[in-house]
Amino acid sequence: MSAPVTTTQPPSPPPPDPHPPRPAALDPTRLRLALRAAPRHPLAVAGLAALFALGVGMLLVLAAGAELATAWQALDEGMFGSPYAIGSSLNSAAVLALIAAGFTVAHRAGLVNVGGEGQLCAGGTAAAAVGLALPAGVPAALGVPLVLVAGFLAGAAWAGIAAWLRVRRGTSEVITTLLLNFIGIGLVSVAVHEEALLRQPVTSSETLPQSAPLPTGAQLPLIGGPESPATAVVPIAVLAVVVTGIVLRHTALGLRLRAVGHSPAASARLGLPVGRLEGGGLAVAGGLAGVAGAALVATAPYVLAEHFSSGYGFAGLVVGLLARGSLTAVAAASLLFGFLTSGGINLQLAAQVPASTVQIVQSVLVLSIAAAMLFTTRRPGSRR
Amino acid sequence: MTAALEVSGLAKSYGGTVALDGVDLVVEAGTVHCVLGENGAGKSTLCHAVAGSLTPDAGTLRLYGQPYAPRRPADALAAGVAMVHQHFSLVSTLTVGENLRLLRLPGLAARIARVRETYGLELEPDAVVGQLPVGVRQRVEIVKALLRDPRLLVLDEPTGVLGPAETDALLETCRRIADAGHAVVLVTHKLGEAVRAGDAATVLRGGRVAGDGTTKDLSARRLVPLMIGRAAGDLDATLAGAVGLEDPEAVGPDAPGPDGLDDPGVLGLDDPAAVGLDDPAVVGPDPVVPGEVVPAAGPVRADDARTPQGAALRLREVTVRRADGAYALEDATLDVAFGEIVGVAGVEGNGQSELTAVLGGSLTPERGRVELDGRELTRALPAARTRAGLGVVPEDRHHEGCVPALSVAENLHLGRLREFRRFGVFLDRAALGRATEAALAEHDVRASGPFAPMASLSGGNQQKVVLARELALDPLKCLVAAQPTRGLDIGAVAAVHARIRAAAGRGAGVLVVSAELDELLTLCDRVVVAYRGRLLGPVDPRAADARERIGALMVGVEGERGAASGVGVGAGA
């Protein structure tokens with residue numbers, strides 16, 4: 001990266017003096033060193049990656065035959081244009097933040113949870129089952145916590161399968177959580193197709209394969225006034241991120257998780273319950289994804305349906321990967337992705353640019369950050 | 001005779017570490033030339049230089065009189081130099097025949113037939129490599145090397161993974177290859193093999209040639225001191241000065257010997273019964289019956305008569321098998337009395353790592369028993385061992401000893417974070433820092449602060465931190481220190497030794513596992529020798545011939561008192 005930039009330096013003028021005093025900033029050696037050092041800073045890396053992703057996005061917009069200005073306006077409108085846009089962006093961001101915060105917990109213990117989608121499905125299914133079992137007049141103070149706790153427990157149990165296999169059998173959690181995603185997605189599908197399970201009573205051939213709506217007392221309350229769809233999931237996610245951050249940073253438990261993540265062997269020697277910490281970390285990751293699933297079910301239209309997850313599990317994984325263990329970064333990346341997702345929908349509606357453009361930009365962003373991170377951690381030219 | 005390989009002035013260093021320092025070596029054609037030396041003596045570096053996998057800093061090589069400067073392994077192969085590495089390079093899911101076909105050599109069948117006829121090396125082409133015993137896999141490797149009809153064959157530690165019979169077969173093969181007019185360089189740290197199979201030997205120590213000659217002139221008795229170094233006096237004096245003692249020999253008698261320490265109460269330890277009660281995780285108090293008859297399993301073992309009842313650490317017939325079924329530890333039996341320092345010597349790979357792992361709790365023995373002050377800990381979790389008073393300094397500092405990515409404070413106190421709580425939930429970093437600063441001062445650790453990353457410390461200071469942590473156990477009944485001074489400079493070595501002596505002085509039993517014979521001789525009251533998973537000896541380090549006896553046990557030249565496990569090699573055969 002430094003080479004092409006340094007070549008743009010003006011060649012030093014033919015010197016009458018054999019040792020012309022060169023301005024310090026233009027000294028090629030020093031500049032090269034500065035350039036080599038500058039992109040190593042994580043913020044600089046993220047910034048460059050974002051610029052690159054933005055460039056790709058602009059190319060895609062142009063390829064779709066739209067004006068850049070129109071597309072930008074549509075994107076902006078979809079993100080911040082109305083209380084509705086802001087509210088739904090915040091909801092998306094909250095769901096992503098829950099999953100990414102969980103990912104970070106497991107990541108501290110050295111585990112990579114790629115099973116957010118499956119855990120989210122398990123949590124959503126359990127939340128729907130509990131919500132539908134509640135009596136119609138249940139107070140929200142009771143119904144909402146019950147639904148969310150059901151989601152947490154189901155998500156934790158779903159991740160617990162992978163945790164158990166990992167701790168007892170040494171099976172890689174990357175594989176197990178990934179595969180459990182497909183089972184979880186299938187589980188939702190089965191549940192909403194079978195009347196014996198969660199499908200709403202079939203009254204005609206047009207009855208959709210989805211659950212009946214949750215009773216009012218199980219629905220997440222709106223917090224942003226009548227115009228905004230923002231629900232209680234936003235403060236819940238904020239709370240989850242803050243508590244997770246404090247636990248990981250300021251408690252003995254956080255330190256133990258970190259030790260296990262860095263060196264299971266040394267942690268075991270020092271008497272830490274390595275299996276319990278790893279399993280617990282993964283279970284919490286699943287639990288938070290489960291809460292995210294419960295929140296999706298308990299948000300309008302208040303039903304469990306196929307594809308209710310909308311790929312949030314995978315998007316949350318991406319946010320978690322991007323945040324690289326920092327909960328501040330989890331919050332920031334969740335907001336970015338949440339708003340971009342909402343904006344992307346409007347991009348398609350208003351500017352006829354496919355919404356998947358935003359997904360491509362997000363993916364490019366992740367890829368370029370991941371690639372650039374190697375740059376920060378590894379010196380070029382070093383062999384190992 | 002023509003010189004097959006002439007090495008002169010070969011030097012190579014990695015960063016500040018000198019691996020080879022002006023090595024000269026002549027290998028005659030038609031001979032088996034042994035390169036001997038302890039771990040880290042530079043044997044492997046020499047091999048890699050000859051086989052073209054590294055470029056030396058200085059020095060020249062000549063192959064059959066021609067200048068030879070391989071820059072990559074392919075150059076070496078083209079010049080007729082083949083190397084069999086310590087670790088096999090076979091695809092274990094393929095058959096033997098498929099593995100050989102991977103070489104893409106023309107006329108493969110004819111070559112295989114020729115190797116079979118010339119050297120008597122039979123192969124089963126349809127056998128899957130992964131299902132073959134290691135000896136056969138190695139034979140495949142050797143055949144692979146011979147298929148190219150090399151003029152010089154280099155074998156790097158070929159016998160490390162082999163049993164006695166397989167070793168004999170290999171040495172026989174080496175002999176045949178030499179008889180066919182080629183030259184064989186056999187790198188080993190086992191003297192018995194060198195004496196048996198070699199025509200000539202070169203002993204490396206610390207990257208230099210410590211001695212060479214034909215094996216007729218070099219008997220095992222002469223090779224041992226060359227290999228392990230005779231200059232013990234110099235090192236001892238340095239250490240003694242650094243520790244503040246005039247005469248290292250005075251340390252042994254001054255330290256509390258095993259004899260006067262029958263009563264643990266003298267040592268200010270807690271009542272063992274009380275300790276047993278507050279720890280439900282440990283399997284019962286299970287007191288040792290005094291005078292319990294220990295079934296004789298090994299032909300040679302630690303001398304029970306010398307150790308008093310209620311040993312700090314007691315191992316009985318601890319047996320561990322590796323994944324391939326070979327014994328890593330076989331009926332290892334040992335007692336460490338309170339206040340006694342017992343050393344475990346031995347060439348690496350003779351069960352020392354497994355012994356430490358069994359004591360640290362990361363490996364469960366197949367059978368046998370581990371007791372700490374009369375309490376069984378064979379299957380106890382590491383935390384229970386720590387609570388019971390067993391401190392362990394693992395052999396690999398970076399893998400098990402500490403977490404390099406965490407800070408010094410966190411490493412010191414990771415096992416006892418409960419003592420550093422604020423408001424019941426939060427970690428009290430200030431208190432953690434204060435406790436760490438005190439420990440750093442007490443143990444003279446140089447760190448930029450209590451929250452400096454462990455990885456930023458020098459090896460010596462890291463080891464001091466690990467040792468400080470294990471010595472802080474209350475009560476400390478026994479300390480197990482594996483390779484406690486590996487990679488440390490002389491000052492740090494002295495500090496670590498002083499700490500270990502002080503621990504024994506306060507009444508803890510100490511078990512030191514080390515590849516450094518000098519270290520064991522200066523530090524220990526008794527030395528046992530790990531050889532093929534058994535603990536042989538003990539040898540009294542104060543005896544005049546202690547070094548020779550330990551050296552002999554280490555390399556299997558002779559088994560003391562007719563050990564059946566020692567290979568029956570006639571010295572100077």
Side-chain angles (χ1 to χ4, degrees), chain A residues 42 104-112 167-170 239-240 242-281 284 324-327 373 376-379 381-384, chain B residues 281 356-357 359-363 380-388 390-407 409-429 431-432 451 453-455 462 465-466 469-470 473 480 482:
Chain A
T104 306
V105 173
H107 190 68
R108 282 294 160 96
L111 301 183
V112 179
V167 172
R168 292 277 159 223
R169 292 263 165 265
L239 186 73
V242 169
V243 168
T244 310
I246 288 174
V247 167
L248 289 185
R249 194 176 263 238
H250 294 292
T251 67
L253 178 63
L255 178 53
R256 291 194 188 106
L257 280 171
R258 203 141 58 88
V260 167
H262 281 303
S263 172
S267 303
R269 173 80 279 285
L270 290 171
L272 300 190
V274 174
R276 248 186 292 163
L277 286 166
E278 285 182 345
V284 166
R324 295 171 56 82
S326 153
L327 283 152
M373 282 305 168
T376 57
T377 51
R378 233 190 263 174
R379 282 189 194 176
S382 75
R383 281 204 200 155
R384 296 178 188 193
Chain B
T356 319
L359 291 171
S362 55
L363 183 64
L381 293 172
R385 288 166 201 254
T386 306
R387 276 198 299 273
L390 178 64
V392 178
V393 177
E395 65 178 350
D396 188 340
R397 229 178 359 252
H398 296 110
H399 180 62
E400 256 195 301
C402 67
V403 187
L406 295 188
S407 70
E410 291 162 341
N411 267 291
L412 264 177
H413 299 107
L414 200 55
R416 20 191 286 238
L417 293 175
R418 261 186 213 108
E419 298 163 30
F420 299 95
R421 279 209 181 141
R422 207 158 38 125
F423 312 126
V425 274
F426 297 112
L427 194 61
D428 189 345
R429 293 217 168 245
L432 202 58
F451 293 104
M454 193 73 170
Q462 287 177 351
V465 170
V466 173
R469 185 184 68 212
E470 300 302 324
L473 298 190
V480 176

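Letters A, B, ... mirror the listed sequences (proteins, then strands); counts begin at 1.
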Structural part of A:Leu253 lying under 4.5 Å from a heavy atom of chain B: neither
Heavy-atom contact with chain A under 4.5 Å, split by part of B:Arg416: neither
Residue, of B:Arg422, B:Arg418, B:His399, that accumulates the most heavy atom pairs under 4.5 Å with chain A: B:His399
NE2/A:His262: more than 12 non-hydrogen atoms of other groups inside 6.0 Å: yes
Criterion side chain to side chain contact (heavy atoms under 4.5 Å, CB included) on A:Leu255 and B:Leu417, from CA distance to verdict: CA-CA 9 Å; A:Leu255 178 53; B:Leu417 293 175; 3.8 Å; yes
Contact origin within B:Arg429 toward chain A - heavy atom pairs under 4.5 Å: side chain
Student check: side-chain heavy atoms of A:Arg269 and B:Glu470 closer than 4.5 Å: yes
Heavy-atom pair count under 4.5 Å with chain B, highest-scoring of A:Pro264, A:Ala265, A:Ala259, A:Gly254: A:Ala265
B:Thr356 side chain near B:Glu400 side chain, heavy-atom distance below 4.5 Å: no
Residues, nucleotides or ligands: over 12 heavy atoms within 6.0 Å of A:Arg249 CZ: no
